[in-house]
Structures are given as C-alpha cells and as structure tokens.
**Q** 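Have a look at this one before I ask anything.
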Amino acid sequence: MTARSGMCTKHLAFVGSQILPHEAGLRQWLTRAGLSASERDDLVQEVYYRLLRQTSFDHIEDPRAYMYRTARNIMLEQIRKNRVVSITTVQNIDELGSIDIAPSPEQAVSARRELARVMGFIEALPARCRAVFELRKVHGLSQAETARRLSLSENIIEKETAKGLSLILKRVAEDNPPPADIVPAPTRNAHVNY
Amino acid sequence: MSTIDDIAAQWVARQASTQWDNEAQAQLDDWLMADVRHQGAHFRAQAAWLMLDRASVMGAGGSVPEVPEFNDTPFVVTLAPHPPLTRRRILTTLGGGAVAASLTVGLGLAYALKDRVNLTTEVGELRKIPLKDRSIASVNTDSRLEIDLKTSQRDIRLIRGEAWFDVAKDKTRPFVVAAGNVRVRAVGTAFSVRKFDHGAEVLVTEGVVEVWNTNTDTAPARLTAGTRTFAPDAAALKTVEFRPDAVDRALAWREGQIALDNDTLQTAVNEFNRYNSQKIRLADPALNDARLVGWFRTDQPETFARAVHGALNVTVNIRNDEIIIG
C-alpha cells in the first residue's frame, strides 16, 4: 500500500478552492443528461478519485473544464464498458464536452469570495453543529478544547463534526452556481492534427 | 448525496479527533481499499474539511490573506492498486469481435512456434497473434505483416494496414517495425503502426519507442507512452502529440470497436468502411461535418446508421451492398 502525504495538503487545498465550487454545476448538468441520483453520486466520487490519483495539479489551467472533462471521459468509458450506445447520451455527452471552451465565470475564485462561501456554509448549520464549527474552524480550537468550551463530551463533538461536514458536503453538491454555458459543438480539429 | 459521502464525513471527523491511532488508520485503509468511490468520497470530504480553515481569518480578525495558510494536517491518502484501464482492456481484448475471437484461438497457437510468419487479414477481420518471442501482435482489418524474428533483431514489415504490438522485453534483440521508409524501434513496450500511402501513424501505449526514416539522416525521435505522431514517408518526423485519450480511442479496434469523440460523420463513415464490405455512403455533403460521440462495433455499420438516423434526423437507406445516409 502506498501512502502519499507530502503533496497532500496542497492537493486538498486545490480541490477545496478550485474544484468543490464547481461540483454543484456538474451535478446539475448530470441531472439534465438523465443520470439518476445514485449514478450522479457514483460519477462524482469517481471524478474525485481520478483527481486523487493525480500526482500533480500543475497542468490544470481551468479546473472547472478539467472536472467536466474528467466526468465526460468516465461516462464515455462506462458507455463503452456497458456496450450501450444510446444516442441521447451520446449527444448530451457532446454538449458536456463543449463546455470546455466556455470561459468559466468562476475561474478566478477570489479569496474574499471563498471566505464568504465558507462562512455561509458554517452559518447555515443547526445551532450546536454551528457552535462546534465556529470554535474549531473560526477560532482554531482542538476537539478537546471545543468539548471543554461547550461542556460536551469529545464523542459528541466528533459526531457533530461528522454531521456538520455531511451537511456542508450536501450544500457543496446542491449549491446554486451561475448557470453552465452550454454552447453548440465546437468546430474542433477532427482526429489527427498532422 | 449517498451514504458513502456520509461515511466519508464520519472518517474525516474521526481523523480530526484526538482518538486517532493505528487501529483506526487500518480500519480506514480497509474501507478505502474496498472501492475507488470510497477513496473519491474521502478525498472530497477531506478537501471540504480543509476548505473550512478559510474561516480562521474571521477569528484572527486580520485581513483576508491571498494564499490560505493550511496546517500541516496528518492526513494520509491511501492509494488502492488500480491498474490503468488500458491494461484490463488488453487482457480482455477481442471480447468485441466474434470473427476475431474465433480466429485467434486456432491461428494464434499455430504461429506461436515459428520465427517467420506472414499474416494477412481480410476486410473486417481482426487477429491477435502471440509471437514466438512472447510478444503479441493485434492485426487490424485489411492488413499484411511479414514477421521475421532473427537472433540479432526482430523484424516486422507492415506492408499495409495497421497493427498494435505488445513487445516482450529483450534488450539484445530490438523489435523494429518497417512501414515504407518509416522505422519504429522498441525494446519492451507497446505501440501501434498504421501504414498510409504517404507515411505511417505511430501510437505509443506503453514505454518508449524510437521513430526514424531511412530516407533522411535525421536522428530517431523518441516517443513516450500516450503520444502519437505521423511519420511521413518522404521527410523526417516533424511533430509529436501527447494525447493519451486519443491514443486509447484510436486503438478501440483491438476490441472490435470504433470510438468516436466529436469526430465528423465523414471520419466515422471512413472508419466503418475500413471494416465492412457493406460500405456506407454519404449522399448529402452537408452532413459531412456533423459531429458524433459514441462507441460502436466495427462489424455493425447498420447499428451506426440507425444511430445517425436518430441523432441527426436524416434518411437512411440500408441495402445489402451499401448503406446510404442522407
């Protein structure tokens, strides 16, 4: 088993700030493409798995386009594996591909905007959950300190943390980003560009 | 949002607790190893957890820093063994073409024992042949190969068509494919060569190959896995592209498939016509540039024509000898 920890924090920071903000838009598109809820979950998890497998993110110029392309490639592979060629899927995938060239409205996620987003996630949590997240994330307290401050057991704090993170992940999945620009298929060079 | 995502959140919360030990790590590893989706969900939850550290600037009361300062958290990401898809595909090759499968068994074994082999495939035929040196040659439709495994060098002449080679490692015997004036040399690697009248296309799926032209003095170009190039017959090689996805797609024929990724209808039709005597003809030139995505069987031009009919809303006339679109 291989463990990679060196690059990891940097990678997680990249995914947190550059990929997560676009997840909801991707899920919306997948809904329109006719994928069921469980198919969307599987696909999104597979997308993050592919990101996890990357040794470097340096080559990713447009994270949103990269995320969409990855999803598209996974869909193509699945179509191929299942030998199902439904032309609806085929056309929709084509639209997904063409998103690549549309400039991303959120391409530069500013630090200020990201902060507002994160604070919005925390403020929307139920009261006790919110208190835990404010102490841990805003004031940087450890789990033990948070437990002392709130007069709760560490076990409860861990449960509230898991619950809060689950709720925030749901918000990440459902967040309303600006509508994705779906444009007609690009006139791209066909096969081999000699 | 699935239960997998909730479980991933529980793991991240547990990792951020004070009770994290080797036993917990082992349990997490087991869960991660069970499914790549678990790994993806866990990675996503970790990223979200770390993203929330942004909020710390509110607590500090300072201004918003341009670059977030993240703690060196002891998150460890476990990687499950997950062989690249291409490898699996190679192992299951031939699942696609019934013709191919039936031919491989008989011919493959017969050829495996000989040093000199001439191979010809008919239109629509696909063969996968193990060679005596334990290399494997997958030979595409309408192709001809002359194989001569000498003690100093393994010589392959591609007279016409296309073939993909999974080359057995043997440093003392270079594996050289000749297509016209173009030469492609490998030691232990996998690549394909397709011969055209004016040169040869080379796709590398594994390792490194060298490509040169006997007509020029230019030094051989080194191509790595995921690259493709077109080597002209008359001049030296000019450009090499790194396109792993495109390379993978272009080799779908090894499974009896045609992979279209935003290719024009004209390109798709040309591809199908390589494999079938029942040719497809585009009657309306306006359709040439319509673009399609999808995976199809090489031996089912009718299925393709029906899909085009549905996708582009055009008339399709299927006869015994040809299929007319438009």
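Chain identifiers are assigned alphabetically (A, B, ...) following the order of the sequence lines, protein sequences preceding nucleic acid strands; residue numbering begins at 1 within each chain. Keep in mind that this is a model prediction, so the values were computed, not measured.
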**Q** Measure across A:Ala162 and B:Ala9 and return the closest heavy-atom pair with its distance rounded to 0.1 Å.
**A** O-CB, 3.7 Å
**Q** Check whether A:Phe133 gets within reach of chain B through its side chain, its backbone, both or neither, counting any heavy atom under 4.5 Å.
**A** side chain
**Q** Step by step, work out the salt bridge (charged side-chain N to carboxylate O under 4.0 Å, His left out) result for B:Asp53 and A:Arg136.
**A** CA-CA 9 Å; B:Asp53 284 350; A:Arg136 295 196 73 172; over 6 Å; no
**Q** For the atom pair CD (B:Gln39) and CD (A:Glu46), what is the distance rounded to the nearest 0.5 Å?
**A** 10.0 Å
**Q** Counting heavy-atom pairs under 4.5 Å with chain A, which one of B:Ser17, B:Ala41, B:Ala8 comes out on top?
**A** B:Ser17
**Q** Nearest 0.5 Å please: distance from the CG atom of B:Asp6 over to the CG atom of A:Leu169.
**A** 8.5 Å
**Q** Rounded at 0.5 Å granularity, tell me how far CZ in B:Arg37 sits from CG in A:Asp42.
**A** 4.5 Å
**Q** Do other residues, nucleotides or ligands put more than 12 heavy atoms under 6.0 Å from the CG atom of B:Asn22?
**A** no
**Q** Using non-hydrogen atoms and a 4.5 Å limit, figure out which bit of A:Gln45 sits close to chain B: side chain, backbone, both or neither.
**A** both
**Q** Is the backbone N or O of B:Trp49 less than 3.5 Å from a side-chain atom of A:Lys137, with the two atoms forming a donor-acceptor pair by type?
**A** yes
**Q** Parallel, tilted or perpendicular: which fits the ring planes of A:Tyr48 and B:Phe43, with parallel below 30° and perpendicular above 60°?
**A** perpendicular
**Q** Evaluate the criterion side chain to side chain contact (heavy atoms under 4.5 Å, CB included) for residue pair A:Asp41 and B:Ile4; output intermediate values, then yes/no.
**A** CA-CA 9 Å; A:Asp41 286 337; B:Ile4 291 179; over 6 Å; no
**Q** If you look at every heavy atom in B:Leu50 and A:Leu12, which pair is closest and at what distance?
**A** CD2-CB, 3.5 Å
**Q** I need the minimum non-hydrogen distance between B:Ala47 and A:Val15, along with the two atoms involved.
**A** CB-CG1, 3.6 Å
**Q** Within this structure, what is the CD-CD distance for the pair A:Glu158 and B:Gln15, rounded to the nearest 0.5 Å?
**A** 10.5 Å
**Q** Can you give me the closest heavy-atom contact between B:Arg44 and A:Ala173, atom names plus distance?
**A** NH2-CB, 3.9 Å
